[in-house]
Amino acid sequence: MDAEIFLLFWAGLAVFVGAVVQGGVGFGLGLVAAPVLTMMQPSLMPGAIQVVNASLPLFTLAVEWRRVEWRALGWAVLGRLPGSAVGALIVVYVSAQALGVFVGAMVLVAVALTARAVAIPRTGATVTGAGFVSGITGTATGIGGPPIALVFQGAKGPQVRATLAVFFCFSALQSLGVLWAVGHLPVRALVAGGLLVPFMIAGFVVSGPLRRYLDGGRTRAGILVLAGVSALVLIAQSISG
């Protein structure tokens, strides 16, 4: 029992911090919480974090649903569908560690290039491609935010958060369905995810000041910094795993 309380406390703290970050930037919950859960109880991943990933966007949408960019969202979902299938195959047959290192390196390259130039244009091709990569990494590792967030870095804060909220909610539900279909979604992972939801709610509630700070013209910088950190965490998690 003491071990379970210890796990819940530290996992809940990671989810709380991740919810604060995602509440302000638009993504980041998986970045903070997925590595902690993977290190402490790998058998719960990626199912447990996907339960939380499916819940947090509902709170964002309750505040900013009018700012969703529906056309771009459609392209992102179009790419996400086959991407999640590939991610499921990786969970079953391929080394997720190798995938994490590769994707993390590609995200770092993308961050370096876009930091020195204009933002990546939001076209059907770029958004679909980002959705595809996000589907792979999100399903296989629980960290799917950076690829899709980089494409939206030029948008205003509320638009980024609202559009990504719909995408992440759909993505998490899809990943849960795919993981269940391939036999990698134990009931205890769902229960653990449910126990972490109150920590997520608390993190979102206190994220208001960060939202207001970033909305003062700092959203793009926040996305680039967080995407870079996320890539490093993904690489480190993959190497250590």
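Computation of the quantities below employed the complete heavy-atom set of this structure, encompassing side-chain atoms and omitting hydrogens, waters and symmetry-equivalent molecules.
Note on Val151: it clusters hydrophobically with Val166, by side-chain heavy-atom contacts below 4.5 Å among ILVMFWY residues. When hydrophobic clusters are built by joining Ile, Leu, Val, Met, Phe, Trp and Tyr residues whose side-chain heavy atoms come closer than 4.5 Å, directly or via intermediates, Val77 is not grouped with Val178. Linking Ile, Leu, Val, Met, Phe, Trp and Tyr whenever their side-chain heavy atoms come within less than 4.5 Å leaves Val52 and Leu173 in two separate clusters. Clustering ILVMFWY residues whenever any of their side-chain heavy atoms sit less than 4.5 angstrom apart, transitively, puts Phe199 in the very cluster that holds Leu37. A single hydrophobic cluster is seen to contain both Phe59 and Leu195, as judged by linkage of ILVMFWY side chains at heavy-atom distances under 4.5 Å, directly or through other members.
Applying the side chain to side chain contact (heavy atoms under 4.5 Å, CB included) criterion to Val36, with sequence neighbours excluded, gives Ala14, Met40. Evaluation of the side chain to side chain contact (heavy atoms under 4.5 Å, CB included) rule for Arg212 yields Pro209 as partners, not counting sequence neighbours. Remark: Leu58 pairs with Cys169 by the side chain to side chain contact (heavy atoms under 4.5 Å, CB included) rule, at least two apart or across chains. In this structure, the side chain to side chain contact (heavy atoms under 4.5 Å, CB included) partners of Leu190, at least two apart in sequence or on a different chain, are Val51, Leu176, Leu185.
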Going through the checks in order, is the side chain to side chain contact (heavy atoms under 4.5 Å, CB included) test met by Phe168 and Asn53? CA-CA 7 Å; Phe168 288 147; Asn53 283 339; 5.8 Å; no
List the steps and the verdict of side chain to side chain contact (heavy atoms under 4.5 Å, CB included) for Leu29 and Val21. CA-CA 7 Å; Leu29 176 60; Val21 174; over 6 Å; no
Quick one: do Glu69 and Arg122 satisfy side chain to side chain contact (heavy atoms under 4.5 Å, CB included)? Show the steps, please. CA-CA 11 Å; Glu69 189 177 327; Arg122 289 196 305 279; 3.4 Å; yes
Step-by-step side chain to side chain contact (heavy atoms under 4.5 Å, CB included) determination, Val86 to Phe132: CA-CA 9 Å; Val86 175; Phe132 178 75; 4.2 Å; yes
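A distance-only check finds no donor-acceptor pair linking the side chain of Thr128 to the backbone of Ala125 [under 3.5 Å]. In this structure, the side chain of Gln153 engages the main chain of Leu150 through a donor-acceptor pair within 3.5 Å.
Among residue pairs with one or both ends in residues 54-67, those qualifying as side-chain hydrogen bond (donor to acceptor under 3.5 Å, both in side chains) are Glu64-Arg161; sequence neighbours excluded. Sorted by first and then second residue, the side-chain hydrogen bond (donor to acceptor under 3.5 Å, both in side chains) pairs involving residues 168-182 (not counting sequence neighbours) are Arg80-Ser171, Arg80-Gln174, Arg80-Ser175, Ser84-Gln174, Thr139-Ser175.
Residues Ile49 and Met45 form a side-chain contact, since some pair of their non-hydrogen atoms from C-beta on lies under 4.5 Å apart. Side chains of Val68 and Leu61 form a contact here, defined as non-hydrogen atoms less than 4.5 Å apart.
Under 3.5 Å, the side chains of Arg211 and Ser207 contain a donor-acceptor pair of N or O atoms.
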